[in-house]
Amino acid sequence: MDREWELQAACKAMDPDIFFEKRTLGLAKQTCRGCPVQMDCLEAALVREAGVAKAFRIGLVAGQTGAQRWGIEQQRKAAAGVTKPKPKKKPTGQPRGPLPLCGTPAAYQRHLRYQEPIDQACKDANAAARRQHRRTGSTKVPASA
């Protein structure tokens, strides 16, 4: 990428920290406003930050905050017809594998998750597992000797 334009930038001799501190933001905006290469600077920033989340775009570049630069990128994507792929939805209401057998802590959790009536065997198994966990600090069943 040709970066000859940087030699003409109004900020080339300035301390870069003024573009990242709130108290000097006014000076930074004023500098950018009078810069002859502001659009080249903005284009370079948009290329450099392509795909970067809004929260990670920091500082003032070409007179634009990180959120404003993110907004410009989103507008350009929308104009180009680029859409973000929709995340796949998890199937609801259907268990993924075989149902846990009643009388186990897993079956108790299944009853809660799917709002099924809880039978006494599952209640007893869950209570026993909780007692075991409080006593030993572990959910693992001790190996039989």
Side-chain angles (χ1 to χ4, degrees), residues 1-3 5-6 9-12 14-35 37-145:
M1 181 177 178
D2 182 27
R3 295 176 62 161
W5 60 267
E6 289 181 356
C11 63
K12 70 179 179 185
M14 297 182 78
D15 180 14
D17 287 342
I18 70 161
F19 296 93
F20 296 94
E21 296 175 4
K22 266 192 174 175
R23 62 183 175 84
T24 57
L25 214 52
L27 175 61
K29 285 184 180 182
Q30 184 180 9
T31 304
C32 288
R33 218 174 289 130
C35 185
V37 292
Q38 184 177 11
M39 292 312 294
D40 293 323
C41 184
L42 179 60
E43 289 303 320
L46 292 174
V47 168
R48 185 176 58 247
E49 295 177 337
V52 175
K54 181 161 79 170
F56 295 110
R57 294 172 188 238
I58 57 172
L60 191 81
V61 180
Q64 306 287 316
T65 64
Q68 290 169 330
R69 294 190 306 273
W70 181 82
I72 291 169
E73 182 181 354
Q74 297 308 307
Q75 287 174 350
R76 288 183 177 183
K77 283 182 180 178
V82 177
T83 58
K84 187 176 177 182
K86 293 181 181 176
K88 293 182 181 177
K89 289 185 177 179
K90 289 183 180 179
T92 56
Q94 296 296 321
R96 288 182 289 190
L99 294 176
L101 300 174
C102 278
T104 63
Y108 180 83
Q109 293 301 320
R110 180 197 77 208
H111 293 313
L112 291 176
R113 187 176 310 114
Y114 296 112
Q115 299 174 350
E116 301 169 345
I118 303 171
D119 57 89
Q120 192 59 44
C122 290
K123 287 180 183 178
D124 293 342
N126 188 61
R130 289 184 60 154
R131 278 193 305 274
Q132 176 73 16
H133 184 264
R134 280 194 301 273
R135 189 171 55 249
T136 64
S138 172
T139 56
K140 299 195 183 245
V141 178
S144 299

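The structure displayed is predicted, hence computed values, not measured ones.
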Seminar exercise, completed: Result for side chain to side chain contact (heavy atoms under 4.5 Å, CB included) between Arg57 and one of Gln68, Glu49, Gln64 points to Glu49

Look up atom [atom1] in [X] and atom [atom2] in [Y], then write down how far apart they are to the nearest 0.5 Å.
X      : Y      : atom1 : atom2 : value
Ile118 : Leu112 : CD1   : CG    : 4.0 Å
Trp70  : Leu46  : CH2   : CG    : 13.0 Å
His111 : Asn126 : NE2   : CG    : 10.5 Å

Looking only at heavy atoms, which two atoms of [X] and [Y] are closest? And how far apart?
X      : Y      : answer
Ala129 : Pro105 : CB-CG, 3.6 Å
Ala9   : Val37  : CA-CG2, 3.6 Å
Ala125 : Gly103 : CB-O, 3.0 Å
Arg33  : Gln38  : O-OE1, 4.2 Å
Thr104 : Leu101 : OG1-O, 2.7 Å

So, do [X] and [Y] sit near enough that their side-chain heavy atoms are less than 4.5 Å apart?
X     : Y     : answer
Leu60 : Leu25 : yes
Phe19 : Val61 : no
Ile72 : Leu42 : yes

Problem set entry | Between Gln132 and Arg135, a side-chain donor and acceptor under 3.5 Å | yes

Problem set entry | Cys35 vs Gln30, side chain to side chain contact (heavy atoms under 4.5 Å, CB included): CA-CA, chis, key distance, verdict | CA-CA 9 Å; Cys35 185; Gln30 184 180 9; over 6 Å; no

For this session: Carefully, step by step, assess Gln109 and Cys122 under the rule side chain to side chain contact (heavy atoms under 4.5 Å, CB included).
Result: CA-CA 9 Å; Gln109 293 301 320; Cys122 290; over 6 Å; no

For this session: Begin with the C-alpha distance, continue with both residues' side-chain angles, and end with the deciding distance and a verdict on side chain to side chain contact (heavy atoms under 4.5 Å, CB included) for Lys12 and Glu6.
Result: CA-CA 7 Å; Lys12 70 179 179 185; Glu6 289 181 356; over 6 Å; no

Problem set entry | Glu73/Arg69 salt bridge by N-O under 4.0 Å criterion | no

Exercise. Is any side-chain N of the basic residue among Glu43 and Arg3 closer than 4.0 Å to the acidic one's carboxylate O?
Worked result: no

Problem set entry | Gln120 atom CD, over 12 foreign heavy atoms within 6.0 Å | yes

